[in-house]
Number of protein chains: 2
Amino acid sequence: MAKGINLKTAELEKISHLDYFNIAVSVDCVIFCYENKELKVLVIKSDLEEFSNLYSLLGDLVRLDEDLDTASYRILQERTGMEDVYLEQVHTFGSVDRHPSGRVITTAYYSLIDAKHQKLRLTNNDLHWHPVKNIKKMAFDHKAILDTCLNRLREQVMEHPVIFNLLPEKFSLRELQELYEAILSVELDRRNFRKKIAIKDWLVDLNEMEEDVPHRPGKLYKLKPEFKRKTLRRKSSNQRPLVA
Amino acid sequence: MAKGINLKTAELEKISHLDYFNIAVSVDCVIFCYENKELKVLVIKSDLEEFSNLYSLLGDLVRLDEDLDTASYRILQERTGMEDVYLEQVHTFGSVDRHPSGRVITTAYYSLIDAKHQKLRLTNNDLHWHPVKNIKKMAFDHKAILDTCLNRLREQVMEHPVIFNLLPEKFSLRELQELYEAILSVELDRRNFRKKIAIKDWLVDLNEMEEDVPHRPGKLYKLKPEFKRKTLRRKSSNQRPLVA
DNA sequence: TACAAATATGTACTTACAACACATTAATTA
DNA sequence: TAATTAATGTGTTGTAAGTACATATTTGTA
């Protein structure tokens with residue numbers, strides 16, 4: 001029961017009491033990383049016959065004694081072993097027919113992790129990182145979930161300093177720009193990009209240089225500590241006056 | 001069972017089988033309207049003893065055969081009788097202890113309706129419109145839900161033409177500005193506000209004038225039809241390139 | 001007929017955005 | 001060791017939007 005939502009239909013049919021207590025509750029995690037200049041997502045092969053050969057997101061049913069946030073954190077930890085992750089709730093998918101084995105509503109979270117600092121665990125069912133842009137079809141409604149989370153990531157990425165969770169501690173501006181380009185699927189002008197980042201005032205110049213690059217090394221930067229926000233919850237307190 | 005989530009503890013204790021099928025699923029609606037220059041929200045008195053004298057949002061358990069979106073739409077319709085409403089999912093609240101009678105997770109929706117075009121129905125338990133800014137405390141975690149939805153509304157209001165769902169078909173720029181001010185809790189400069197709205201190009205000049213106002217009447221406008229988006233879902237397709 | 005109260009509009013300053021070009025540095029190669 | 005290559009690192013200019021601020025106009029009312 002640790003991967004995906006794998007309830008046999010029989011299992012579901014056994015249970016049928018009050019109408020209000022046979023909706024199963026799950027979470028699904030869209031876990032992003034950045035590797036080889038590509039945005040990737042953690043996927044696993046579905047057990048269900050209906051979806052043989054399709055990949056699904058990492059998910060599980062929520063336990064009776066755990067918060068929704070905790071459940072998604074548990075899944076992430078079980079698979080990546082990481083303790084300190086960026087995790088944000090995005091949307092809850094609750095169509096009646098979204099799961100072939102019964103009524104299951106699922107809350108989607110997206111997560112950003114540094115590929116270098118994790119090793120996948122419980123790597124059964126072909127658990128692996130898959131380039132986001134190659135994914136055309138997934139099991140269940142997981143493609144829609146992925147798209148929704150990717151869109152949320154795109155919305156957030158210029159407004160809030162979340163992208164740095166995908167990078168190692170030290171990075172060059174080129175690396176940062178390439179990451180933005182991978183997420184947004186656009187090409188950016190280097191000079192304008194640097195200006196924009198400079199205005200945000202998110203970075204500290206480390207006075208160090210890249211090493212082992214086959215060209216002129218760039219300066220290294222890190223995120224200012226005050227922006228390291230590995231929150232579990234969507235913050236609900238931006239009161240910025242949106243108009244003049 | 002139509003208002004709030006009112007399960008007696010006994011009812012809940014009867015049911016206790018597989019761990020995964022005794023989480024109840026509900027929706028809660030933050031239904032906003034605009035009346036007497038105030039942003040108001042529809043509230044109802046809670047049945048639970050724990051929360052006597054506190055108000056709660058309109059909510060209900062989700063039925064086995066209805067989509068999550070449909071459930072929130074049903075609640076809205078039951079109370080306001082309105083068919084064509086703006087409704088958007090915001091966040092799912094799933095703390096273990098958020099409901100005193102048992103494990104209930106709830107998905108919050110916010111909705112915008114024109115106060116003039118509805119009549120409240122099933123007005124038991126002191127169902128009424130309450131000014132948002134006067135609400136300090138609510139039953140359950142409903143104050144947090146309200147805050148989260150209000151913040152979402154504030155985020156959306158300048159980016160997307162959703163605010164017009166709170167206004168009658170025809171309105172003056174002053175009315176529109178007052179509504180923005182009520183939602184954002186700011187004072188806006190009239191000249192800059194008009195410029196900003198003009199740039200958006202959301203409005204049609206109706207070549208009509210306000211009537212029955214005790215001062216010089218203003219022009220009336222309406223929203224361009226192509227922006228009347230009474231969507232049920234958060235759109236998941238803004239691919240705007242966020243950077244140069 | 002004067003007054004009060006709101007509508008309607010314009011200008012100057014500042015800041016962000018977008019398109020674009022050149023000098024500099026380090027590694028590689030001839 | 002000098003020339004080449006491929007990246008880094010900046011600066012300028014035009015355009016659009018944001019902000020602060022003032023005056024003339026229209027209507028209802030006293």
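Here is how names work: the chains are called A, B, and so on, in the same order as the sequence lines, proteins then strands, and each is numbered from 1. Computed from a predicted structure; not experimentally measured.
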Is any side-chain N or O of K196(B) closer than 4.0 Å to OP1 or OP2 of dA17(D)? no
Roughly, in whole Å, what's the span from CE in M158(A) to C1' in dA16(C)? 12 Å
Nucleotide N/O of nucleotides 2-4 of chain C paired with protein N/O under 3.5 Å:
none

Determine whether the aromatic ring centres of residues H160(B) and F227(B) are separated by less than 6.0 angstrom. no
Suppose we call two aromatic rings close when their centres sit under 6.0 Å apart. Are Y55(A) and H128(A) close by that rule? yes
Does the D189(A) side chain pair with the main chain of R191(A), one donor and one acceptor, at a distance under 3.5 Å? yes
In whole angstrom, what separates E187(A)'s CD from dA19(C)'s P? 13 Å
Protein-nucleotide distance (E211(A), atom CD; dT8(D), atom P), rounded to Å: 16 Å
Footprint string (nucleotides 20-30 of chain C, 5' to 3'): B base within contact, S backbone only, - free, heavy atoms under 4.0 Å: BB--BBS----
note: E175(B), atom CD; dA6(C), atom P; distance rounded to Å ~ 14 Å
Using whole Å, what does the distance between atom C1' of nucleotide dA6(C) and atom CZ of F193(B) come to? 16 Å
Under the side chain to side chain donor-acceptor pair (under 3.5 Å) criterion, do E178(A) and Y180(A) qualify, and how do the steps go? CA-CA 5 Å; E178(A) 284 169 353; Y180(A) 272 104; over 6 Å; no
Could you tell me if the ring centre of W202(B) sits under 6.0 Å from that of F164(B)? yes
Across all chains, not counting sequence neighbours, the side chain to side chain donor-acceptor pair (under 3.5 Å) partners of K40(A) are E35(A)
Taking K133(A) first and then E38(A), would you say they form a salt bridge - that is, a charged N and a carboxylate O separated by under 4.0 Å? yes
Distance in angstrom units between R194(B) CZ and dA6(C) P, rounded: 13 Å
With the threshold set at 4.0 Å, does a side-chain nitrogen-carboxylate oxygen contact exist between R174(B) and E210(B)? yes
In whole angstrom, give the distance that lies between atom CD of E210(B) and atom C1' of dG28(D). 13 Å
From the candidates dA17(D), dA7(D), dA6(C), the one with an atom nearest any side-chain atom of R174(A) is dA7(D)
In whole angstroms, how far is the C1' atom of dA16(C) from the CD1 atom of I199(B)? 13 Å
Quick one about T92(B) and T107(B) (side-chain donor to acceptor, distance below 3.5 Å, no hydrogens or angles considered), yes or no? yes
